[in-house]
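Written out below as structure tokens is the structure these notes cover.
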Protein chains: 2
Amino acid sequence: MSEEKAFLTAYRAKDYPRPSVAVDLVILTIVDAQLRVLLVKRKEHPFMGQWALPGGFVRVGEGPIEQGEDLDEAAKRELKEETGLDPERVYLEQLYTFGKAGRDPRLRVITVAYYALVRPDLAPFVKAGGDASDVEWFDVVAVPKLKLGFDHDEIVEMSLQRIRGKLEYTNIAFDLVPATFTIPELRHVHGVVLGKPMDPGNFRRSFNRWLEEGRLELAPGKRITTSKPAAVYRFKRARD
Amino acid sequence: MSEEKAFLTAYRAKDYPRPSVAVDLVILTIVDAQLRVLLVKRKEHPFMGQWALPGGFVRVGEGPIEQGEDLDEAAKRELKEETGLDPERVYLEQLYTFGKAGRDPRLRVITVAYYALVRPDLAPFVKAGGDASDVEWFDVVAVPKLKLGFDHDEIVEMSLQRIRGKLEYTNIAFDLVPATFTIPELRHVHGVVLGKPMDPGNFRRSFNRWLEEGRLELAPGKRITTSKPAAVYRFKRARD
DNA sequence: TAAATAGTGTCTATGAGACATTATGTA
DNA sequence: TACATAATGTCTCATAGACACTATTTA
């Protein structure tokens, strides 16, 4: 045991250059019937003045005991810092790690990308959209035109692929809809994410399956509309 | 000690502490009708004497121009070093990044895990299996009993999940089979990966679909067996 | 010819896609 | 009542699972 301790101390001597490790976030929500991603305008070089994903460096401790924050913690912290939202109320998942040499012209940065799904009723609380704001929700279809800094176009694109794939076999769509929702509303979310409208009848069939499986339940109330109001449902899960 | 303290202070001044970044490999193949993973016995602390995944640190350059190797390059290099195989002949894909604080007791290490699929006809060329070897192919079902070092159990488990999921909608099974193969052979690969035998008739039906889609083609020759020999196929792809 | 395995065919259940039809609320 | 949209129903096709059956090669 003392042998191991000695080794640990000696280990510090042989050290190689290390990269900086960052966490970048693809924060998505639906505003005005469009899938949108939160971008920040860079105030420093490189890519000054261009839009980019929010993110920051992972806080790393000095020694073997205090090693700093977990990657997931770092992602939650960044999410909180950038949006002010409670990370526990937002779906957050690691996406992929981007580590090409030269992707940051300053120094070697390896970035672990996460994507987050923000329920649209929480989106207004995000400090974005002001007049001279440097934080804004952009329609994802507009992203290619924006010429994001770094390789962030690629990161956004990959997260879209991911959520499109997961839409069918997971619950993630419910993280893009308010706490209560109607069938047409949820159908619209699917349509917006997939980029094509869903058939009302077929979608309802899937919806009824989820209902039978107990993933959903009828909620009290109805939607106020200009014609026939739709029934309101809620997701059935331990959710505070 | 004061010398070190001075160094650390100076270091902190110009930058934040950085983690070491490693690449760990889940190298899989099929030997003797079992899905196996390549493990190495650790010769140093921590976890000395225990089995663990092969891996190593990413080579990072010092300055903004020479930033070192890409993550994918690092994975290929490690694969080559550990197996002697040509990385271009092996399927290699990034899996997930593991970055919990404390997962390496020495210092903060963030590891980007990759998994590799080695065709079984190439597996014998891997320098493993010798008498006093510290490199060995283990049946994946035995992994939990081995008590791997670090969080490597978790990494192996996640890669199994990944390839099981990808088995249905991708071509990855063809990377676990020799250049030419029979239907029963490929069926067996699916069965071994999924952990349950596949129905011959139903599997053949899927196989015929792939054939019609042009992903496969009949190859000359037949398999030598003790009964009726099976027809031999090959994967249709630019492959050298 | 017997044994063994390759290969074929069938029945059923499930789910997706397209699309027609009915029901129910508001203005 | 007219209109808009919610909600239901139907037809077809593709695929998965279970399983019975036939064909072909070797020993």
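Numbers restart at 1 for each chain; the letters A, B, ... are given by sequence-line order, proteins then strands.
- The nearest whole Å value for the distance from the CZ atom in A/F203 to the C1' atom in C/dC19 is 18 Å.
- Rounded to whole angstrom, the span from the OH atom of B/Y169 across to the P atom of D/dT15 amounts to 18 Å.
- Partners of B/T111 according to the side-chain hydrogen bond (donor to acceptor under 3.5 Å, both in side chains) rule, which considers only residues two or more places apart in sequence or in another chain, are B/D24.
- Residues from residues 186-200 of chain B that place a heavy atom under 4.0 Å from any atom of DNA chain D, listed by number: B/D199.
- The salt bridge (Lys or Arg N to Asp or Glu O under 4.0 Å) check on A/E168 picks up nothing, with sequence neighbours excluded.
- Under 4.0 angstrom from either OP1 or OP2 of C/dT8 there lies at least one side-chain N or O belonging to B/R204.
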For nucleotides 14-16 of chain C, print each protein N/O atom paired with a nucleotide N/O atom at under 3.5 Å, atom names and distance only.
| residue | atom | partner | partner atom | Å |
| --- | --- | --- | --- | --- |
| C/dA16 | OP2 | A/R209 | NH2 | 2.3 |
| C/dA16 | N7 | A/R205 | NH1 | 2.6 |

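- A distance of 9.5 Å separates CG in A/L38 from OG1 in A/T29, rounded to the nearest 0.5 Å.
- A donor-acceptor pair shorter than 3.5 Å can be found between the side chains of A/Y114 and A/D72.
- Residues passing the side chain to side chain contact (heavy atoms under 4.5 Å, CB included) test with A/V143, sequence neighbours excluded: A/V37, A/L148, A/V156.
- Following rounding to the nearest Å, B/E185 (CD) and C/dG7 (C1') show an atom-to-atom distance of 15 Å.
- With sequence neighbours excluded, no residue forms a side chain to side chain contact (heavy atoms under 4.5 Å, CB included) with B/K228.
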All N/O pairs under 3.5 Å across the protein-nucleotides 24-27 of chain C interface:
| residue | atom | partner | partner atom | Å |
| --- | --- | --- | --- | --- |
| C/dT24 | O4' | A/K228 | NZ | 3.4 |

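- Sorted by first then second residue, the side chain to side chain donor-acceptor pair (under 3.5 Å) pairs that include residues 184-193 of chain B, not counting sequence neighbours, are B/E185-B/R223.
- The ring pair (Phe, Tyr, Trp, His ring centres under 6.0 Å) search around B/F181 returns B/F174, not counting sequence neighbours.
- Residue B/P184 is the one, among B/P184 and A/G201, whose nearest nucleotide of DNA chain C lies closer to the 5' end (criterion: closest heavy atom).
- Scored by the side chain to side chain contact (heavy atoms under 4.5 Å, CB included) test, B/P197 finds no partners at all (sequence neighbours excluded).
- When the P atom of D/dT15 is taken as reference, atom CH2 of B/W210 falls 12 Å away, rounded to whole Å.
- Listed by chain and number, the residues in a side chain to side chain contact (heavy atoms under 4.5 Å, CB included) with B/R205 are B/N202, B/R209 (sequence neighbours excluded).
- Residue A/F207 contributes atom CZ, which lies 13 Å from atom P of D/dA6 at whole-angstrom precision.
- Listed by chain and residue number, A/R234 satisfy the side-chain hydrogen bond (donor to acceptor under 3.5 Å, both in side chains) test with A/E217 (two or more places apart in sequence, or in another chain).
- Straight-line distance from the CG atom of B/L211 to the C1' atom of C/dG7: 14 Å, rounded to whole Å.
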